[in-house]
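Below: the structure, in structure tokens.
Below, chains carry the letters A, B, ... as their sequence lines are ordered, and counting in each starts from 1.
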2 protein chains.
Amino acid sequence: MSLTISIDAMGGDHGPEVTIPASLDCLKSNPDLKLILVGDEAVLKPQLTEALIEFKDRLTIHHASQCVGMDESPSKALKNKKDSSMRVAINLVRDGQADACVSAGNTGALMATARFVLKMIPGVDRPAIISTLPSIYGHTHALDLGGNVDCSAEHLFQFAVMGAELVKAVENIENPKVGLLNIGEEDVKGNEQVKAAAKLLENSSLNYIGYVEGDSLNAGSIKVDLIVADGFVGNVALKSIEGAAKMIGTALKEAFNRNILTKFAGLLVYPVLKSFKKRIDPRLYNGASFLGLRGLVIKSHGGADVLAFKTAIHLAEVEVKKDIIRKISEQVEQTLARRESA
Amino acid sequence: MSLTISIDAMGGDHGPEVTIPASLDCLKSNPDLKLILVGDEAVLKPQLTEALIEFKDRLTIHHASQCVGMDESPSKALKNKKDSSMRVAINLVRDGQADACVSAGNTGALMATARFVLKMIPGVDRPAIISTLPSIYGHTHALDLGGNVDCSAEHLFQFAVMGAELVKAVENIENPKVGLLNIGEEDVKGNEQVKAAAKLLENSSLNYIGYVEGDSLNAGSIKVDLIVADGFVGNVALKSIEGAAKMIGTALKEAFNRNILTKFAGLLVYPVLKSFKKRIDPRLYNGASFLGLRGLVIKSHGGADVLAFKTAIHLAEVEVKKDIIRKISEQVEQTLARRESA
């Protein structure tokens with residue numbers, strides 16, 4: 001099967017410095033993969049002379065004259081950057097030349113451009129950002145992580161339908177457990193949107209398990225496959241977790257750096273600390289998918305290094321193979337049909 | 001000065017098993033402290049025979065025949081448990097017999113009872129829950145952590161006024177830096193309430209520094225003294241941090257428990273791991289204050305152990321000494337007066 005991914009080679013804090021080596025590593029490890037690197041040919045070509053020979057039929061450069069800045073406003077990027085590496089990479093998905101696009105560019109501009117170029121799946125009001133978080137049970141999927149503020153119950157319901165379909169396909173599970181993020185597990189808890197969304201979920205065909213609290217993202221009392229939240233709450237939760245991990249990492253480093261003895265102790269247990277770090281390494285969870293669009297767009301963390309960017313490309317490979325967009329579109333259609341006949 | 005604290009001795013997951021030893025430890029370490037243990041005399045008295053002699057004038061038992069369950073609904077607790085240890089402990093604050101009350105009982109019932117018994121400070125619409133979180137800069141104060149869902153801009157503004165006054169007093173700083181929790185630092189980010197609250201804060205006398213993201217709770221790019229959020233978002237953030245810490249702790253334990261060699265390595269670095277753990281030990285941050293009421297109520301974590309419950313009692317001591325309620329009341333009054341004259 002065809003597996004072609006367009007890469008916004010100029011995006012992210014590091015641009016080609018990261019996107020090129022990550023792309024080449026992915027081409028090496030998957031002989032079925034084709035990549036289109038989108039960006040300034042004058043910058044990219046000199047760095048790819050050997051690779052263009054080595055991966056003759058699988059690596060191409062697609063020129064784009066502009067670049068979207070990491071702080072550029074979405075509206076300005078949409079209006080003034082019609083030949084940006086980001087926009088052109090997404091155009092390739094729209095035109096069927098690529099099956100998915102990966103970008104480490106700024107989230108707002110990427111979302112606005114993807115929505116403008118690819119359009120929404122009929123029946124979906126807003127795109128949502130879904131990602132995977134490490135948990136004591138392995139990992140959990142969560143959405144929306146920042147696409148939307150002020151979501152209605154209907155939006156939350158649509159996120160759940162789309163997210164569950166993605167989890168089903170990616171994890172090969174029949175009925176993923178869906179939880180709704182709230183400030184308590186009792187029925188009376190929460191705001192109006194969440195309470196109304198709970199009713200919609202209870203009456204759906206989804207495997208809805210009820211309200212879950214913030215700790216369920218990483219370490220709840222039971223395993224949840226998909227956690228649904230509005231984008232404001234989801235984004236704050238995600239960033240809070242990042243902050244907690246950073247603080248704990250800093251404290252651990254400080255403890256081992258206190259004096260010569262603790263430093264020596266740190267050397268002794270280096271392999272243990274390394275295996276611990278690997279278990280929760282955020283680079284191995286890099287990559288968020290925009291759900292609800294008529295094409296696959298994967299957003300990498302802006303500060304991604306080579307390993308992290310490879311994870312994002314790998315996520316795109318998996319979602320293409322699993323035919324995510326077709327499955328979500330069909331599921332949304334079926335859900336709408338069930339409602340009309342109800 | 002008088003420093004009398006009423007303790008809901010029956011509250012929490014462990015009741016007197018935790019509240020009694022924690023109380024006695026606090027009496028030992030602070031000779032100015034007086035405690036009133038509220039609860040079933042038949043249960044408490046036999047455990048306090050010696051202590052009642054040792055701390056003759058500083059320890060008393062106040063009988064209360066009922067107990068609020070950890071899952072009991074706030075409305076039922078209010079209606080049916082008029083002689084609960086929680087309610088009576090709060091009554092003592094209202095009646096001036098205690099300067100503050102500490103309870104590990106269920107948050108909803110404690111909040112509803114405290115609000116009913118103590119009433120609000122004039123000019124404050126809703127009580128908010130404030131607590132301290134460890135951060136790479138030492139620690140940060142944050143509110144609201146779960147008292148209110150669907151806060152208006154005015155509510156968020158009131159939280160900021162009250163929280164800043166508490167931070168000023170407790171930390172001995174003149175102009176605490178106040179940040180508003182949002183999903184980005186740019187002006188365009190956020191929902192309508194947050195944007196409107198930002199305008200109120202910009203036009204206030206507070207040292208408002210702008211929007212901050214979730215990572216600022218533990219490890220932002222700059223030190224923030226007070227972070228303001230609505231209760232839904234604040235609670236999810238707090239619980240998300242708890243989950244992240246639990247997952248990271250679990251992963252660290254697993255890494256050291258993998259085999260006999262890693263276990264031995266763990267023994268070698270035990271002192272280092274212990275100092276690391278102490279730095280972020282949640283028990284040393286236990287205790288949340290309800291702000292906006294005409295009396296001091298400190299909520300301890302329900303699952304608190306002796307050390308954690310002692311931290312909550314200590315927090316009550318500090319807030320009594322700093323005369324928090326008077327200061328907040330005066331600040332709210334001044335803020336209202338400034339508005340009327342504007």
*Would you say B:His301 has more than 12 foreign heavy atoms packed within less than 6.0 Å of its NE2?*
no
task = Tell me, yes or no, whether the heavy-atom count around A:Ile260 atom CD1, taken from other residues, nucleotides or ligands under 6.0 Å, exceeds 12.
result = no
Closest approach of [X] to [Y] (non-hydrogen atoms, all atoms of both residues):
X: B:Ala255; Y: A:Val272; value: O-CG1, 3.4 Å
X: A:Ile241; Y: B:Ala244; value: CG2-CB, 4.0 Å
X: B:Asn218; Y: A:Gly243; value: CB-O, 3.6 Å
X: B:Ala251; Y: A:Phe276; value: C-CD1, 3.6 Å

Who among [options] has the most heavy-atom pairs with chain A under 4.5 Å?
options: B:Gly249, B:Ser275, B:Ser240, B:Pro271; result: B:Ser240
options: B:Val233, B:Leu252, B:Asp71, B:Thr250; result: B:Leu252
options: B:Asp150, B:Thr262, B:Leu273; result: B:Asp150
options: B:Leu268, B:Asn235, B:Thr107; result: B:Asn235

One option among A:Ala245, A:Gly190, A:Gly220 has the most heavy-atom pairs under 4.5 Å with chain B, and it is A:Gly190
Looking only at A:Leu133, A:Asn182, A:Ile136, A:Asp215, most heavy-atom pairs under 4.5 Å shared with chain B are made by A:Asp215
Between [X] and chain A, with a heavy-atom cut-off of 4.5 Å, which part of the residue counts as in contact: side chain, backbone, both or neither?
X: B:Leu261; value: neither
X: B:Pro134; value: both
X: B:Gln193; value: side chain
X: B:Ile280; value: side chain

Spatial distance of atom [atom1] ([X]) from atom [atom2] ([Y]) [nearest 0.5 Å]:
X: B:Phe232; Y: A:Ile183; atom1: CZ; atom2: CD1; result: 6.5 Å
X: A:Lys239; Y: B:Leu217; atom1: NZ; atom2: CG; result: 12.0 Å
X: B:Met247; Y: A:Arg279; atom1: CE; atom2: CZ; result: 7.0 Å
X: A:Ser135; Y: B:Lys246; atom1: OG; atom2: NZ; result: 10.5 Å

When the 4.5 angstrom heavy-atom criterion is applied to A:Ile248 and chain B, the contacting part is both
The interface call for A:Asp230 against chain B, heavy-atom contacts under 4.5 Å, is neither
| message | Would A:Val236 and B:Leu181 count as a side chain to side chain contact (heavy atoms under 4.5 Å, CB included) here? Give the steps. | response | CA-CA 8 Å; A:Val236 168; B:Leu181 195 57; 3.6 Å; yes
